[in-house]
Amino acid sequence: SSRSVFVLVTYAIIVSSRAYNSFFMVKDIVKSDTKFIQVIPMFEKLKMTLVRLLYPTMYFPSAKFENGMFLQQGLPNMIFFLIFLALFVCAIIGGIKHYKERIPQLCLGAILANITLHGIIGYNLKNANIMAIYFSFAIIILLAYFAKSLPKKYTKIFIIFLVVVLVTMIISNIQGFLQILEIGMNNYPK
C-alpha cells in the first residue's frame with residue numbers, strides 16, 4: 001500500500017542521510033537556546049525575532065562564516081527592513097480581514113507557531129533564517145487576501161508597492177548569493 005511505501009522511503013532517507021543524528025542533538029540545542037534566550041532583554045528578543053526570523057522570509061540576511069559554521073549576522077538593510085515591515089503588516093491585515101476562511105486561519109497559525117517556537121521559546125533564534133522557509137508561503141498567501149480586500153482605487157498603489165518589493169527582493173537575494181559565493185571561495189579548500 002502507499003503507507004508502506006511512504007514508511008519505507010522515509011526510513012531509507014533518514015538512514016541514508018543520517019538525519020537521525022539531529023534527534024540526539026535536539027536536547028543540547030534546546031538547552032543552549034533556552035539559556036541564551038533567558039538572559040536577553042525582551043526588546044532585544046523582539047528585535048531578533050523581526051531581524052533573524054521574519055525579515056529573511058523575503059530578504060537575504062547578512063551572513064558570515066565562523067567556527068566552521070555559516071551564521072546569520074542579523075544586520076538587515078534598513079530600507080529593505082522597513083519595506084518588509086509594511087509587507088508583513090499588510091499580510092497580517094489580510095489574514096485578519098479573512099479570518100473566518102480556513103486558508104487564512106492556517107497561514108496565520110503557521111506564522112504564529114514559528115514566532116512562538118523561535119521568537120518566544122527561542123529555539124535556534126540565533127540562526128532562525130533557516131526556519132523562514134516554513135512560513136514564508138503564508139505571508140505571500142495572506143498578501144493575496146489583503147489585495148483581495150482592497151478597494152479598487154488602492155489596487156494600483158498596492159501593485160506598485162509589490163513591484164518595489166519584488167525588485168528589492170531580487171537585489172537582496174543576488175547580493176546574498178554573491179556573499180555566499182565569496183564566503184565559500186574564501187573558506188573552503190580549493
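Only this structure's heavy atoms are used, side chains among them; waters, hydrogens and symmetry mates stay out. Bear in mind that the values here come from a model prediction, so they are computed numbers and not experimental data.
Atom NZ of Lys148 is separated from atom CD of Glu101 by 4.5 Å, given to the nearest 0.5 angstrom. Expressed to the nearest 0.5 Å, how far CG of Leu142 lies from CZ of Phe137 amounts to 9.0 Å. In this structure, the separation between CG on Leu150 and CD1 on Ile157 is 9.0 Å, given to the nearest 0.5 Å. If you take CD1 on Ile115 and CG on Leu53, they are separated by 6.5 Å, rounding to the nearest 0.5 Å. One distance of note links CE of Met169 with CG of Leu162; it measures 10.5 Å at 0.5 Å rounding.
Side-chain contact between Pro61 and Val51 is absent, with no heavy-atom pair separated by less than 4.5 Å. Within the 4.5 Å cutoff, no side-chain heavy atoms of Thr168 are placed close to those of Asn77. No side-chain heavy atom of Phe146 sits under 4.5 Å from any side-chain heavy atom of Lys97. Contact annotation: the side chain of Phe80 never approaches that of Val165 to less than 4.5 Å [non-hydrogen atoms, C-beta and beyond]. At a threshold of 4.5 Å between non-hydrogen side-chain atoms, the residues Met58 and Ile140 count as touching. Residues Leu112 and Thr116 are in side-chain contact: their nearest non-hydrogen atoms beyond the backbone lie under 4.5 Å apart. Looking at heavy atoms from C-beta onward, Thr57 lies out of side-chain contact with Ile133 at the 4.5 angstrom threshold.
Aromatic ring centroids of Tyr55 and Tyr59 lie under 6.0 Å apart.
Among all heavy-atom pairs drawn from Cys90 and Leu143, the shortest one is CB-CD2, 3.8 Å. Minimum heavy-atom separation, Ala138 to Ala110: CB-CB, 4.5 Å.
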Just do the side chain to side chain contact (heavy atoms under 4.5 Å, CB included) check on Leu54 and Asn114 with the steps written out, would you? CA-CA 9 Å; Leu54 297 174; Asn114 278 279; over 6 Å; no
Please report the C-alpha distance between Ile170 and Leu166 in whole Å, then the side-chain angles of each, then the deciding distance to 0.1 Å, and finally whether the side chain to side chain contact (heavy atoms under 4.5 Å, CB included) criterion is met. CA-CA 6 Å; Ile170 290 168; Leu166 182 62; 4.2 Å; yes
Under the side chain to side chain contact (heavy atoms under 4.5 Å, CB included) rule, what do Ile83 and Phe161 come out as? Steps first, then yes or no, please. CA-CA 9 Å; Ile83 291 172; Phe161 173 67; 4.1 Å; yes
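Residue Tyr99 places its OH atom among 12 or fewer non-hydrogen atoms of other residues, nucleotides or ligands, all under 6.0 Å distant. Few gaps surround CG on Leu178; more than 12 heavy atoms of other groups in view lie less than 6.0 Å from it. No more than 12 heavy-atom neighbours from other residues, nucleotides or ligands sit within 6.0 angstrom of CZ on Phe177. Counting heavy atoms of neighbouring residues, nucleotides and ligands inside a 6.0 Å radius, atom CD1 of Ile79 does not exceed 12 of them.
When the side chains of ILVMFWY residues are joined at heavy-atom separations under 4.5 Å, either directly or via intervening members, Leu108 and Ile141 end up in two distinct hydrophobic clusters.
In the hydrophobic clustering (ILVMFWY side chains linked at under 4.5 Å, chained through shared members), Leu106 stands by itself.
For His98 (side chain) and Tyr145 (main-chain N/O), a donor-acceptor pair under 3.5 Å exists by modelled atom type. When atom types are taken as modelled, the side chain of Ser172 and the backbone of Phe60 share a donor-acceptor pair closer than 3.5 angstrom.
Under the ring-ring contact (aromatic ring centres under 6.0 Å, His included) criterion, Phe84 pairs with Phe88, sequence neighbours left out.
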